[in-house]
Amino acid sequence: MRLHEHEGLDIFESAGIPVPRRGVAGNTDDALIIAGEIGYPVVLKAQVLVGGRGLAGGIQTVTTPEELEDAAGKLFSAEIKGLPVRKLLVCEKADIHSELYMGITIDGFTGRPVIVVSKEGGVHIEETARIAPDKVISFYCDPAFGFYPYQARMLLRRLGIVERLLAICADVLVRLYRAFVQYEALIAEINPLVILKTGYQGGLLAIDSVIEIDNSALNRVKLPLPEMIERIENPLERKGREIGVTYVDLGGDIGIISSGAGLGMATMDIIGERLRPANFLETGGGITEELLYKCMELVMMKIDLRAIFINVYGGINPIHEGARGVVRYIKEHNVTIPIVAKALGNHQEETWEILRAGGVHVVTEAPTEIAVARLFELVGAR
Amino acid sequence: MRLHEHEGLDIFESAGIPVPRRGVAGNTDDALIIAGEIGYPVVLKAQVLVGGRGLAGGIQTVTTPEELEDAAGKLFSAEIKGLPVRKLLVCEKADIHSELYMGITIDGFTGRPVIVVSKEGGVHIEETARIAPDKVISFYCDPAFGFYPYQARMLLRRLGIVERLLAICADVLVRLYRAFVQYEALIAEINPLVILKTGYQGGLLAIDSVIEIDNSALNRVKLPLPEMIERIENPLERKGREIGVTYVDLGGDIGIISSGAGLGMATMDIIGERLRPANFLETGGGITEELLYKCMELVMMKIDLRAIFINVYGGINPIHEGARGVVRYIKEHNVTIPIVAKALGNHQEETWEILRAGGVHVVTEAPTEIAVARLFELVGAR
Amino acid sequence: MGILIDDATRVIVQGITGKIGSTQTRWMLRYGTPVVGGITPGKGGTIVEGLPVFDSVAEAVKQTGANASVFFVPAAFVLDAFYETVDAGIKLIVIVPEHIPVNDVMRMRAYAAAEGVFALGPTTPGILVPGKGKMGIMPGALFAPGRVGIISRSGTLSYEFAGILSEKKIGQSAVIGMGADPVILTNLPDILSLFEADKGTDAVIIVGEVGGTQEEKAAEFIAEKMKKPVAAYIAGRLSPQGKRMGHAGAIVRGAAGTVASKCEALQTAGATLLKSPIEVLDWAVNNDIR
Amino acid sequence: MGILIDDATRVIVQGITGKIGSTQTRWMLRYGTPVVGGITPGKGGTIVEGLPVFDSVAEAVKQTGANASVFFVPAAFVLDAFYETVDAGIKLIVIVPEHIPVNDVMRMRAYAAAEGVFALGPTTPGILVPGKGKMGIMPGALFAPGRVGIISRSGTLSYEFAGILSEKKIGQSAVIGMGADPVILTNLPDILSLFEADKGTDAVIIVGEVGGTQEEKAAEFIAEKMKKPVAAYIAGRLSPQGKRMGHAGAIVRGAAGTVASKCEALQTAGATLLKSPIEVLDWAVNNDIR
């Protein structure tokens, strides 16, 4: 679960990392009050969960209440990369001397947290990593051992940081690591960590946060935050989460239901050769009659749908039970668009029988390409 | 720092261990109110930091408000093993089917937490461990690995615990371990963990707690508790802590000041051959003129003191500076009882000179026994 | 001799008394898998699918000589059960459940490595060795004995490839689900090395997906160590670019993780790229695999 | 050759820029200890007592060839500095500071054991090898070169015994403070084994205290492994039950750790019990120790 910038800054603050004075506003009036308390100039930052927000106009510095009213009004009515702006973070403007980048993620291949630091903070950090990898220091940490100040100092010395700054930057990096572990994060990033011109706040200020919590750990991480589900903007994707499946909304008009992420992606790729998928829906391993009924309902919510393609395997899933749900939905809602299904594995014959009785075009050969060819025929795709 | 029973029960509760309904009363009226809410019978438990409280009459079951008034009144005016009763824990009375003992401590020799369980709960656990060690199961845990439910089940199975009780007891033991680690305890004990006759509270209830926190970790353990210093009942011992030395109040009339715990204990043992030490005062490694001035002040607070014996070494301590404090105290307060000092190590000659100028009997030979012989002479001990 | 499962294998099922555990035990037994018992703490002494249930793995090992374990344990209990299983001396562990916290997976991985345990998953369909048995949830009817090895990140896509091959009478030596989580217990190159060393395997199919760097690392292994022909399919060409999650991952991975990067790495390493699963049949014909 | 400190020893002082660190460095240098530098992160490049200060242990090792380290670091920073020192390859570490959380000590101890590091403390006066040097805070004037080894839980009591012996011209081969905490980095039997193996040591004095079980375990070692004569003194006969006598480790809980239990174990093992420190002189005469 990706956290909003302001939620991440709250976590940083509780971890003892210096953060700017700030407040979150849901409307322009609140933004004015917060800015009044902080003192101008302030920075307005759209709280949208998307990268490249700054370049898309989502960050504005204002020096007077009038400027704030103007900028906040525009931001609240704008969309940043397709997402509505529901909240603004109003922040003190830091007196920037220079910037650092600090980030921690998990490397899948080594199974270790990787700590990354660079003197080139800001939006160009990835570019720096590509063209000047020597300016980006990475450290693969042993999670059983932890990450200690001496290791942080070693990394930061390699960036040329010395004397008092060395100790306080190392302290921030260790605190970032502790927060990363405590909140079971997949990503925790300060970008940038600002070195101020004055000694205020110990001379450092974390002015942006990126934190993503491991979804599988959400139930044991103590977070005073809104539920995952409230963060999903797309109504269909939110409904997918409600019924317990993965639903990704796409631009096309062919509905897809698959059991298994890999199979779902392959199906999408094969269909995408000639048609445009409307969605990616993956049931996971919990198929029941009720679940597939709801999956049908969800897929059918997309307007102008031309056909549905079902691709499921009976391994952990009782696909014959799922088939009953599909057929029940078809009958109750008198579905007329073509539905093609490939269903193999345990209980396959029973599944075919149920689906055929419900008017579904069943393909019994193994290659998905053959079943998709049938779909292409039925909707007249060339 | 040893916690009170009620503080320990609060920690257990926050760790998810089942605990009785209860309240803490500072007077009989409050105890009546709490008992009224819980419902009779209730158990009154004197909150004093001493073992064997039950056998000394500190635990009373009452079945009516009248009985409570009578018992609480007596408890509040009593002393349990020399300690005043300032608070009573008022607890629901558990419907006991049987009892277990669960305790965790740190084994100094292996440097590991030791987890101990026994079916013989209650006050006789130490006796059981001595006479029937096979009834007490110990497990030396690897702190880097932690302690997991499967290990808890393994221990508890060896006590003959099976089926549903196995899982819930294992859960309590793992939670006790987590609390032990989280609060940096030296000891965490549930004695007894009661198995109830009914299934109430999952069938288990931790009805007494012993928790001792590592003093050296107090500044990093988050505990919403009164300070260490407020727990010290003896006013002289409290003053010792205030000035930063270890002071243990004893029954005798010879004051002792030593730099170093071992030396202090040896000095006490040697003096104890013929005289009775009034105290054990150990300065630690932070001797200054001011500190020894205050040490003199503290030792002199004991009435009817016959003499003071000072035994210090100049290793990490600047004993010549300390000597100035001793002498300043003697002069300002016109001390007339004999003071014998042995002071060796760095700056010893300077130290001797200062002490002699202040009227202190200085012994320059190495054996403490020789200096103590001088003390015996001076106070006429045979 | 099959890979990982052979005549000496004796499998226990952890979480055998659960709905999925008991159902999958039935399927495993029907497939001829040497399942010898199951574990559910607190339910020792009962019988499921004709097999004895034990309270602890140590007891099961003692009573049945079990040396392999497949997990159908709720995600929250997997770490504890894993430690218990390793401590009991079991050297092959298959973790079917999904939604296990990455922190738990990292711990299990380090413990397995330290104790010399071969573990697969989490989020794996398991292992199936045609004719020998299966540990996990793969639907047996789709597989046939033969000489092609399949390693897949996705359960269902492994069935798809096996199904396509089996229909054309091209059998499999072993089918292994590597697990679909960000961190897995055994990396792809280490699984590849089993197939490279296996006398019963003539060629290997890697079925990958967007994300992570397993396929890129596998390409390095193929280039340096593999002599057997390898075909590779990577799913997710049309997956929308994930909502960008900070920079740290991107810095560590560089450009890796896209279908394009994986395909390029595998092709450069000498693997045959399959643009669509059905192309596996042409590859089999061209490499004379039967 | 002395125990632990010899002609190849090159000592660094961690926390050298602090008040105690710089003062004790001066005393160590005056005693002839081969101190080659110091560490205080952020103060690299400065000079203390004529010695170079470094930002990191690794740098100090590289520049000075240091192979031993003595700590005068605030308790809260000891764990971090310890890990750093071990990682830098130093194999002898003396932790003088007190009030270090037991959890940190347990971590240090496990790390030292895993990495083959000999470490003393916490709450130790250190090591003094007469004529060779000292790491720690022992006041040099009280010690004399000779053939008696002293191991003490208490700093000041080690001075007391050395002082009593030195006055009578009975010198010491080495004096080692084992540390007075509940958990220490090297157990008493392991220190005893150094003396048993040392050609320069004829006899050993153990100076113990109430609390813990180090002396009881030492008794087992003496009974099984030691040929050299051992004398033992245990302080705290009059310590009241349950009271912490200055040292975190000096607390009696139940029957274990009492003076009586220690004395009985040591006497049974064949050690000579000293009821009062001065009796060490009789023991020396009886055992012909000079």
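Not measured: the values here are computed from a predicted model.
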Less than 4.5 Å apart, any side-chain heavy atom of [X] and any of [Y]?
X        : Y        : value
D:Val102 : B:Leu186 : yes
B:Val221 : D:Pro101 : no
D:Glu160 : B:Leu263 : yes

**Asked** Can we say B:Glu273 and D:Lys275 salt-bridge, meaning some charged N sits less than 4.0 Å from an Asp/Glu carboxylate O?
**Response**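 D:Lys275 and B:Glu273: not salt-bridged.
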**Item:** Closest-packed option against chain B by number of heavy-atom pairs under 4.5 Å, given D:Val96, D:Thr23, D:Asp104, D:Ile184
**Value:**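 Looking at each option in turn, the highest pair count goes to D:Asp104.
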**Request:** Considering only heavy atoms and a distance below 4.5 Å, find which of D:Tyr233, D:Trp27, D:Phe161 pairs most often with chain B.
**Result:**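 Heavy-atom pairs under 4.5 Å are most numerous for D:Trp27.
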Of the backbone (N, CA, C, O) and the side chain (C-beta and beyond), which part of [X] lies under 4.5 Å from a heavy atom of chain D, both, or neither?
X        : value
B:Glu365 : both
B:Val181 : backbone
B:Ile106 : side chain
B:Ala144 : neither
B:Phe109 : both
B:Asp269 : both

**Asked** If every non-hydrogen atom of B:Gly111 is compared with every non-hydrogen atom of D:Met106, which pair is closest and at what distance?
**Response**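 In terms of heavy atoms, the two residues are closest at O-SD, 3.3 Å.
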[X] versus chain B, heavy atoms under 4.5 Å apart: side chain, backbone, both or neither?
X        : value
D:Pro182 : backbone
D:Ile164 : both
D:Leu142 : side chain
D:Arg109 : side chain

**Request:** With sequence neighbours excluded, tell me which residues meet salt bridge (Lys or Arg N to Asp or Glu O under 4.0 Å) with B:Arg2.
**Result:**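 Salt bridge (Lys or Arg N to Asp or Glu O under 4.0 Å) check on B:Arg2 returns nothing, list empty.
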**Prompt:** Mind checking what makes side-chain hydrogen bond (donor to acceptor under 3.5 Å, both in side chains) contact with B:Gln348, not counting sequence neighbours?
**Reply:**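 Scan of B:Gln348 (side-chain hydrogen bond (donor to acceptor under 3.5 Å, both in side chains), adjacent residues dropped) gives none.
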